[in-house]
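Structure first, then comments.
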Amino acid sequence: MKSKFLQLNAKDFFRGLLIAILTAIITGLIDILDNGAIFTWVTMKPVLIAGISAALSYLLKCLATNSQDQMFKREPLLT
């Protein structure tokens with residue numbers, strides 16, 4: 001991750017979004033298939049909510065991390 005503190009470049013944004021949503025959706029689909037349920041809005045809604053929540057969590061983590069991979073710290077001053 002190369003984004004600066006409280007900033008997010010497009011590469012980090014789309015990579016995080018993709019990984020978080022796919023992970024939650026695949027996990028949810030496996031759970032639905034294991035339980036023998038059918039794909040309806042009722043069974044898919046929690047899966048989609050989990051995907052969106054995971055994506056938002058990842059993006060917030062990225063925003064709170066500086067380019068040196070330190071959380072909640074400002075960018076180091078150039079000397």
Side-chain angles (χ1 to χ4, degrees):
M1 181 164 85
K2 302 294 181 195
S3 297
K4 295 184 179 198
F5 184 65
L6 295 180
Q7 296 178 355
L8 196 61
N9 64 30
K11 184 178 178 182
D12 286 336
F13 176 80
F14 288 114
R15 182 185 300 154
L17 214 56
L18 179 68
I19 296 299
I21 289 175
L22 284 179
T23 301
I25 288 176
I26 290 171
T27 303
L29 292 177
I30 290 170
D31 188 46
I32 289 171
L33 293 173
D34 281 345
N35 292 329
I38 57 172
F39 294 102
T40 63
W41 176 247
V42 175
T43 58
M44 290 301 295
K45 185 177 177 183
V47 174
L48 296 174
I49 290 172
I52 292 168
S53 299
L56 288 174
S57 298
Y58 180 80
L59 293 175
L60 286 173
K61 177 256 179 218
C62 287
L63 285 172
T65 305
N66 67 16
S67 62
Q68 304 297 315
D69 206 25
Q70 300 168 326
M71 287 194 71
F72 306 115
K73 294 195 178 187
R74 293 184 182 188
E75 286 296 315
L77 296 174
L78 298 174
T79 55

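As the structure is a computational prediction, the values presented were derived from the model and not from experiment.
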Legend entry - Separation between CG of Leu48 and CH2 of Trp41, rounded to the nearest 0.5 Å: 5.5 Å

Inset, instruction - Output the distance between atom NZ (Lys61) and atom CZ (Phe72), rounded to the nearest 0.5 Å. - result: 10.5 Å

Side chains of residues 28-38: which donor-acceptor pairs under 3.5 Å do they make with residues two or more places apart or in other chains?
unit_1, atom_1, unit_2, atom_2, d
Asn35, ND2, Asp31, O, 3.2

Inset, instruction - Group every Ile, Leu, Val, Met, Phe, Trp and Tyr by side-chain heavy-atom contacts under 4.5 Å, then state whether Phe14 and Ile25 land in the same group. - result: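 Phe14 and Ile25: one cluster.
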
Inset, instruction - Check which hydrophobic residues are tied to Leu22 through side-chain heavy-atom contacts below 4.5 Å, counting indirect links as well, and list them. - result: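 Leu22 shares its hydrophobic cluster with Leu18.
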
Legend entry - Co-members of Leu56 in a cluster of I, L, V, M, F, W and Y side chains, linked at under 4.5 Å: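 When side chains under 4.5 Å apart are linked, the cluster holding Leu56 also contains Ile52.
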
For [X], give me all partners under side chain to side chain contact (heavy atoms under 4.5 Å, CB included), at least two apart in sequence or on another chain.
X	result
Thr27	Thr23
Ala55	Leu17, Ala20, Ile21
Ile49	Lys45, Ser53

